[in-house]
Amino acid sequence: QVQLVESGGGLVQAGGSLRLSCAASGSIFSIYAMAWYRQAPGKQRELVAAVSRAGSTNYGDSVKGRFTISRDNAGNTIYLQMNSLKPEDTAVYYCASGMWPMTSPRYWGQGTQVTVSS
């Protein structure tokens, strides 16, 4: 069974930074691209950032220049470095895996809450 486990969420003040981690099980890193999505209550889930097996990246317009996704294949882990956080970034952040480009992920983590106070 494939499992994606997120960690690193929490409460942070606007302008602060936070780094999320996602550890994967199975052989998922040898097959699929990885991504971070987020969802706020009453809103659609949206792509935050994605990284392919080859290292290509794609970012949502609202986080460009502030967030950075990285991939550690040896450790089967991806990270999301979030800087200059805004209250609008408050959401549950989900780790996901699927085919590149990241349009419809195959696997999902349970999510980690990120709350940015104003």
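Here, residue 1 is the first one in the sequence, and each next residue gets the next number.
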Should we say atom CD of Gln110 is surrounded by more than 12 heavy atoms from elsewhere, each under 6.0 Å from it?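 No - once you tally the heavy atoms of other residues, nucleotides and ligands closer than 6.0 Å, there are 12 at most.
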
Nearest 0.5 angstrom please: [X] [atom1] to [Y] [atom2], how far?
| X | Y | atom1 | atom2 | result |
| --- | --- | --- | --- | --- |
| Ser7 | Tyr79 | OG | OH | 9.0 Å |
| Leu11 | Leu18 | CG | CG | 9.5 Å |
| Ser70 | Ile78 | OG | CD1 | 8.5 Å |
| Lys86 | Ser84 | NZ | OG | 8.0 Å |
| Asp72 | Cys22 | CG | SG | 12.0 Å |
| Thr68 | Met82 | OG1 | CE | 11.0 Å |

[X] (side chain) donor-acceptor with [Y] (main chain) under 3.5 angstrom:
| X | Y | result |
| --- | --- | --- |
| Arg38 | Val114 | no |
| Gln13 | Ser117 | no |
| Ser97 | Met34 | no |
| Thr77 | Gly75 | yes |
| Ser25 | Gln3 | yes |

So which heavy atom on [X] is nearest to which on [Y], and how close?
| X | Y | value |
| --- | --- | --- |
| Ala50 | Met102 | CB-CB, 3.9 Å |
| Ile69 | Tyr59 | N-OH, 2.9 Å |
| Trp100 | Ser56 | CH2-O, 3.6 Å |
| Leu47 | Ala49 | CD1-O, 3.7 Å |
| Val12 | Gly16 | CG2-CA, 4.0 Å |
| Arg71 | Val51 | NH1-O, 3.6 Å |

Flag the pair [X] / [Y] as yes when at least one side-chain heavy-atom distance between them is below 4.5 Å, and no otherwise.
| X | Y | value |
| --- | --- | --- |
| Tyr93 | Val48 | yes |
| Phe67 | Trp36 | no |
| Gln113 | Thr90 | yes |
| Thr112 | Leu20 | yes |

The criterion is salt bridge (charged side-chain N to carboxylate O under 4.0 Å, His left out); which residues satisfy it with Lys43, sequence neighbours excluded?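 Here no residue qualifies.
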
Is the shortest distance from a Lys or Arg side-chain nitrogen in Asp61 or Lys64 to a carboxylate oxygen in the other one below 4.0 Å?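 Yes, Asp61 and Lys64 are salt-bridged.
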
Test of understanding: with side-chain contact (heavy atoms from CB on, under 4.5 Å), list the residues that count as partners of Gln39, not counting sequence neighbours.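 For Gln39 the side-chain contact (heavy atoms from CB on, under 4.5 Å) partners, ignoring immediate neighbours, are Arg45, Tyr94.
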
Indicate if Val5 and Val2 have the same hydrophobic cluster label, given that clusters are the connected sets of ILVMFWY residues with side-chain heavy-atom separations under 4.5 angstrom.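 No: no chain of side-chain contacts under 4.5 Å links Val5 to Val2.
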
Between Trp108 and Tyr37, is the ring-ring contact (aromatic ring centres under 6.0 Å, His included) condition met? List the steps. CA-CA 9 Å; Trp108 294 91; Tyr37 283 74; 5.1 Å; yes

